[in-house]
Amino acid sequence: MSKGPELIITEKDNAARRIADILSGESADAERMNGVNVYKWGGKRCIGLSGHVVGVDFPPEYNDWRDVEPVELIDAPIDKHPTQENIVAALRRLARHASRVTIATDYDREGELIGKEAYELVRDVNEDAPIDRVRFSSITQNEVTEAFDNPEDLDFDLAAAGEARQIIDLVWGAALTRFLSLSARQLGNDFISVGRVQGPTLKLIVDREREIDAFDPEDYWELFADLEKDDSGENFEAQYFYPDEDGNEAERVWDEETANEVYDTLQTASSATVQSVRRRTRTDKPPAPFNTTQFIRAAGSIGYSAQRAMSIAEDLYTAGYITYPRTDNTVYPDDLDPEELVSEFVGTNRFGDDAESLLDLDELDPTEGDEETTDHPPIHPTGELPSSADISEDEYEVYELVVRRFFATVAEAAKWEHLRVVADVDPDGEPLSLKANGKRLVKEGYHAVYPYFNNTESFVPDVEEGEALDVTETRFEAKQTQPPRRYGQSRLIETMEQMGIGTKATRHDVIQKLYDRNYIESDPPRPTRLARAVVSASEEFADRIVSEEMTAQLESDMLAIADGEKNFEDVTEESREMLETVFEGLMESGDELGKQLQKSLKADKTLGPCPECGEDLLVRKSRYGSYFVGCDGYPDCEHTLPLPSTGKPLILEDECEEHGLHHVKMLAGRKTFVHGCPQCKADEADEQDDEVIGECPECGEEHGGELAIKQLRSGSRLVGCTRYPECDYSLPLPRRGEIEVTDEECEEHGLPHLVVHNGDEPWELGCPICNYREYQAQQVGGDELQSISGIGEKTAEKLKDAGIADVPGLKDADPDDIAASVEGVGADTVRDWQAKAD
DNA sequence: GCAAGGTC
């Protein structure tokens, strides 16, 4: 038996560091091995993996999609190989002479599998050392020491359950993805993917779109009256209602004639009599602690996409400000002391008052959600506070959300008073009922510290039964029933969670993948024609791949494996047989499936008939990666139209009346815009004469080049040289708005000042050269400054206002001067930035 | 060039 050090293996570096601290009493030293942190104390070493450090895949001879029939993948061998070479190498070095190895990966199924991967890597180089497994629910002194005092064995059945999932996902995903891509002739970047999780997610979106398409709006009418309390003059709105066939209260009137009759009666009424008044207090309980899904939802409500919210949370976690952001847990662990954590915020600018008000309460008893898991706590602040200069504006906003959510979970319930008033009007012996619902927040409770929920009150005055009210106004509103709403990103993630597909760590990535695969576009996401075709085809030939059934089945199989009731081989074999059957169906269908997919792919790219030859005009990609419009009749027809250079084109439903071509929208994140009909844009440019505004600074003197305002066929505008392409001097102009050339002249460049008229306020663009210089200074300076950690968009802007436009400028600046002129920035912070800039 | 799951 080797006498070497004992080795502890965790799932990630962060956990390794904290466990080393706990076990060593903070005496552990960190050293680097192959670029990986190794924590060292006494006779111990601790290393963190990076999740899975080995991956499963088919051997290289299966790599060529054309050479290998997709169906062959079903029974192809599967290899395991290191994916994180340096970590694996470091682990091997450490394991070789270890006298004992302890696996301390996360306490969940995937953690058990990661542990088994480590186990095998260790056994490769060390046959004798005992290998233990420790399990703890949170990385705290008590739990960790307790776990290390009572080591257990690795649960190979549980790990095998995870391995079965890996294999089944790979085989189904790869075989079907290749089959669909090959039959649609989509190889290369735009292959057609399917999988156990993306399939059902996409089907959710497509199904909702189908409902929207099939929706047939119905007309209905609603009637309102404004009522006024006689003595006080207080006014409120009441709505007409009636008992429907089932005796339920109904507000919508479904036929116009009845609506008109009721309205006629209502109009003649001058007063209403209060029939009933009902008061009710409702307790509004504070929300549960944040799990990943609820965090994403809350961040979504303040404008962050799921992807962005998670990326910011990841940064805040790495910097030590919040706990691990990927968690299903909604119950704080016992060792979290709410008073202590709240106290950390006392005395701070942003949170001090709220923290004190919470500490004034009798006790802080945190709310609990339904889910209690063992791997990570709900997301909460760690108590280590960033200053607003440490992190960007966006990060601070998200951090504040996490802090306030924690505050809310220990705050008191709010109380609402609901007031419901029913009053009748009876101008002609047939009474009509009107109702009004008011609500008032009588106790602010957690809303005081968590302002993210809507808590608008609606006013209805105190009235008494029998009281007479004036009818001051009546309204008749024609409405239509609305189709169901599309899923937003956070609704989608919540629904996935309810359906049990994906995990806390992957759901937002799955949505991103659907965007990347051209299955969805816009936000809230809408399915492309390709997505509809893939879902329809899957429904027809391989229903399992778009149904949550597959995950449910897998979950129950995994449970059975973990419980020792089934084994890995049985489950994977059964799954392979099922996939064989699916493939038989696919083969029988012949080429039909491929044709369907190709048709949809083409429809997603088709604008309409070519004005030259009548074939379809399609969005195409040039050799250089830019998009343009080309004719399907090429090479017989060479008609082309340019598209803007920014963004990815999306074909809209709207059509150009003149050319019968669909409008094009350019998707480019925040810079997304509608380009319109590319033929119209090109025609406009052809008709527009260049307007000369001065001499070209580049070639004017030598060759007589002049600067002119030009409209390009791609829709963009610029100030460019008339000798183009011999001289390519150019300055950008905005895409929209009328450009006015004024009499005012720039002293430095001799060019006229320009004004852009677009909507409300005219924009004084000024001299185009000066304007472009300013723009460049801002762009470069801004981006550059933001490359320094701690400087966000807003801070960069403040610095620019203070005359610091770039990193060299920042380094030369006097910290005290900046501290004096930039609000919220201290001299030490500036010195800190200057140090980082070196 | 495939999936889904860890983590960065």
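Every chain is numbered from 1 and lettered A, B, ... according to where its sequence line falls, protein lines coming before strand lines.
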_Separation between OG1 of A:Thr293 and NE2 of A:His508, rounded to the nearest 0.5 Å_ = 10.5 Å

_For the CG atom of A:Asp190 and the CG atom of A:Asp516, what is their distance to the nearest 0.5 Å?_
11.0 Å

*For DNA chain B, what residues of residues 528-545 of chain A have any heavy atom nearer than 4.0 Å?*
none

_Can you identify which nucleotide, out of B:dG5, B:dA3, B:dC2, has its nearest atom closest to the A:Ala174 side chain?_
B:dC2

*Under-4.0 Å side-chain N/O to phosphate OP1/OP2 contact, A:Gln84 with B:dT7*: no

*Name the closest nucleotide to the A:Arg517 side chain, picking from B:dC2, B:dA4, B:dG6.*
B:dC2

*Is the count of non-hydrogen atoms from other residues, nucleotides or ligands lying under 6.0 Å from A:Arg297 atom CZ greater than 12?*
no

_Spacing of CD belonging to A:Glu592 relative to CZ belonging to A:Phe541, to within rounding of 0.5 Å_ = 7.0 Å

_Using a 4.0 Å heavy-atom cut-off, does A:Gly502 contact any base of the nucleic acid, only the sugar-phosphate backbone, or nothing at all?_
sugar-phosphate

*Do A:Arg17 and A:Thr10 have a side chain donor and acceptor closer than 3.5 Å?*
no

_Rounded to the nearest 0.5 Å, what separates atom CD in A:Gln489 from atom CD in A:Gln512?_
8.0 Å

*Base, sugar-phosphate alone, or nothing: which one does A:Glu314 contact when heavy atoms must sit under 4.0 Å apart?*
sugar-phosphate

*asked:* Is there a side-chain contact between A:Arg326 and the phosphate of B:dG6, meaning an N or O under 4.0 Å from OP1 or OP2?
replied: no

*Hey, does A:Arg196 reach any base, or is it just sugar-phosphate, or nothing, if we go heavy atoms under 4.0 Å?*
sugar-phosphate

*When rounded to the nearest 0.5 angstrom, what is the spacing between OG1 in A:Thr572 and CD1 in A:Ile167?*
7.5 Å

*Any Lys/Arg nitrogen of A:Glu497 or A:Lys504 sitting under 4.0 Å from an Asp/Glu carboxylate oxygen of the other?*
no

*Should A:Arg165 be listed as having a side-chain N or O under 4.0 Å from OP1 or OP2 of B:dG6?*
no

_Pairwise distance CD(A:Glu548) to CG(A:Leu554) - rounded to 0.5 angstrom_ = 13.5 Å

*Give one of base, sugar-phosphate or nothing for A:Arg507, where a contact means two heavy atoms less than 4.0 Å apart.*
nothing

_Sugar-phosphate, base or nothing in reach of A:Phe179, heavy atoms under 4.0 Å_ = nothing

_Neighbours of DNA chain B within residues 54-71 of chain A, by heavy-atom distance under 4.0 Å_ = A:Val56, A:Asp57, A:Phe58, A:Asn63, A:Trp65

*What is the nucleic acid contact for A:Thr177, judged by heavy atoms within less than 4.0 Å: base, sugar-phosphate only, or nothing?*
sugar-phosphate

*asked:* Within the 4.0 Å heavy-atom criterion, would you say A:Val171 contacts the bases, only the backbone, or no part of the nucleic acid?
replied: nothing

*Counting only non-hydrogen atoms, which of residues 556-578 of chain A are less than 4.0 Å from DNA chain B?*
none

_Does A:Asp64, at its CG atom, have more than 12 non-hydrogen atoms belonging to other residues, nucleotides or ligands within less than 6.0 Å?_
yes

_Does B:dT7 have OP1 or OP2 under 4.0 Å away from a side-chain N or O of A:Tyr324?_
yes

*Hey, which of these two, A:Ile167 or A:Ile114, hits DNA chain B nearer its 5' end, going by closest nucleotide?*
A:Ile167

*Check the pair A:Glu112, A:Lys116 against salt bridge (charged side-chain N to carboxylate O under 4.0 Å, His left out), reporting the backbone distance first and the verdict last.*
CA-CA 6 Å; A:Glu112 207 69 20; A:Lys116 189 197 162 196; over 6 Å; no

*asked:* Using OP1 and OP2 only, check whether a side-chain N or O of A:Ser181 sits under 4.0 Å from B:dC2.
replied: no

*N-O pairing of A:Lys12 and A:Asp106 below 4.0 Å*: yes

*Using 30° and 60° as the class limits, which term best fits the ring planes of A:Phe148 and A:Phe136: parallel, tilted or perpendicular?*
parallel

*N or O in side chain of A:Lys513 less than 4.0 angstrom from B:dA4 OP1/OP2*: yes

*Mind checking A:Gln166 for me? I need base, sugar-phosphate or nothing, with any heavy atom below 4.0 Å counting as a touch.*
base

_Does B:dA3 have OP1 or OP2 under 4.0 Å away from a side-chain N or O of A:Ser193?_
yes

